[in-house]
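Chain A is the first sequence line, chain B the second, and so forth, proteins listed ahead of strands; every chain is numbered from 1.
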2 protein chains.
Amino acid sequence: MTNTTNADEQQACGLTAALNVISGKWKPTIIWHLHAQPLRFGELRRRLPGISEKILSEQLKELQLSGIVRREEFDEARLRVEYSLTPPGALLNRAVHALAEWGSAYGNPPAPNVMCQR
Amino acid sequence: MTNTTNADEQQACGLTAALNVISGKWKPTIIWHLHAQPLRFGELRRRLPGISEKILSEQLKELQLSGIVRREEFDEARLRVEYSLTPPGALLNRAVHALAEWGSAYGNPPAPNVMCQR
DNA sequence: TCAATTACTTACGTCTTCGTAAGTGCGCGA
DNA sequence: TCGCGCACTTACGAAGACGTAAGTAATTGA
């Protein structure tokens with residue numbers, strides 16, 4: 001057996017579980033952008049400059065499978081889809097937020113101007 | 001190397017800064033394992049079942065460049081190297097811990113009887 | 001009727017990341 | 001002095017994550 005404690009291993013286990021969920025170039029940012037209000041597919045795409053529709057679609061689908069994001073179709077004349085965080089997703093967002101706060105304090109961006117608060 | 005547009009830089013906030021630092025299959029786990037005490041190269045390798053020496057070496061080097069991990073050589077007769085978290089690294093570890101806690105509460109392992117790690 | 005928007009999907013290619021296997025130089029114990 | 005452990009490095013290759021470009025189906029405004 002290893003010399004780490006059971007509690008430690010359970011924690012490490014949780015880490016890998018969380019990492020599986022947020023693994024993907026855009027997933028943490030998607031979660032971040034959904035923290036305030038639901039967004040439509042196109043709105044998300046516009047908020048993630050550089051993402052392609054294919055990747056956005058893929059990562060949203062995976063986030064749904066992980067139970068982080070909820071997809072809702074609104075039955076209007078014109079197709080309307082909204083993506084929002086589930087309750088677990090909202091909690092995950094708190095952890096993502098902790099990362100973001102660390103990053104704005106200690107990460108080294110090219111310039112210290114804050115562009116994406118809130 | 002082909003640089004992407006600077007529209008991406010609009011997103012350059014704390015989150016992406018933090019994600020840059022922890023991007024790497026083993027980095028969050030490395031940080032997590034250094035939370036308690038400094039570890040030697042070989043100790044780390046044994047605690048990360050499945051990692052290769054090449055990858056461990058690479059990711060440690062990148063973590064040093066990010067200012068997360070400190071490498072110390074002890075000038076004993078026999079070569080001895082210890083890796084530990086810097087103060088910013090220790091703070092990053094708190095955010096990583098938040099992820100781990102979320103994971104052990106809400107993360108969904110593929111199968112209920114799958115042992116984590118290894 | 002034409003063009004545009006929304007919400008995607010599909011095919012294809014590239015590029016990064018990761019892993020495997022082997023090699024290096026040093027000191028130490030047997 | 002032989003081999004082993006430590007702390008790495010190097011070369012090579014495979015996998016898959018990501019991006020580009022185009023296509024689809026429905027609807028609506030011009």
If I take atom CG in residue Leu60(B) and atom C1' in nucleotide dT9(D), what distance separates them, rounded to the nearest angstrom? 14 Å
Going by the rule side-chain hydrogen bond (donor to acceptor under 3.5 Å, both in side chains), which residues pair with Arg94(B) if we only count those two or more places apart in sequence or in a different chain? none
Side-chain contact check for Lys25(A): nearest option of dT9(C), dC18(D), dA7(C) is dC18(D)
Spacing between Leu39(B) atom CG and dA7(D) atom P, to the nearest angstrom: 11 Å
Should Ser57(A) be listed as having a side-chain N or O under 4.0 Å from OP1 or OP2 of dT9(C)? yes
When rounded to whole Å, the CD to P distance for the pair Glu73(A) and dT6(C) reads 16 Å
Value in whole Å for how far the P atom of dA7(D) lies from CD of Glu43(B): 8 Å
Within residues 77-86 of chain A, which residues have any heavy atom lying less than 4.0 Å from an atom of DNA chain D? Ala77(A), Arg78(A)
Verify, without hydrogens or angle tests, whether Gln59(A) (side chain) and Trp26(A) (backbone) share a donor-acceptor contact under 3.5 angstrom. yes
Please classify the nucleic acid contact of Gln59(B) as base, sugar-phosphate, or nothing, using heavy-atom distances under 4.0 Å. sugar-phosphate
Give me the ring orientation class for His97(A) and Trp32(A): parallel if the planes are under 30° apart, tilted from 30 to 60°, perpendicular past 60°. parallel
Value in whole Å for how far the P atom of dG19(D) lies from CD1 of Ile51(A): 7 Å
Roughly, in whole Å, what's the span from NZ in Lys27(B) to C1' in dT17(C)? 11 Å
OH/Tyr83(A): more than 12 non-hydrogen atoms of other groups inside 6.0 Å: yes
Would you classify Arg71(B) as touching base, sugar-phosphate or nothing, given that sugar-phosphate means primed atoms plus P, OP1 and OP2, and contacts are heavy atoms under 4.0 Å? sugar-phosphate
Trp26(A), nearest nucleotide to its side chain (from dG19(C), dT20(C), dG19(D)): dG19(D)
Hey, is Lys54(B) close enough to Glu58(B) for a salt bridge, meaning N to O under 4.0 Å? yes
In whole angstrom, give the distance that lies between atom CD of Glu58(B) and atom C1' of dT10(D). 11 Å
Looking at CZ of Arg47(A) and CG of Leu39(A), how far apart are the two atoms once the value is rounded to the nearest 0.5 Å? 4.5 Å
Atom CG in Leu63(A), atom NZ in Lys27(A): separation rounded to 0.5 Å? 5.5 Å
Nearest-Å distance, CD1 (Ile55(B)) to C1' (dG13(D))? 13 Å
Which nucleotide sits closest to the side chain of Lys54(A): dT9(C), dT20(C), dA7(C)? dT9(C)
Which one, dC18(C), dA7(C), dT20(D), comes nearest to the side chain of Phe41(A)? dA7(C)
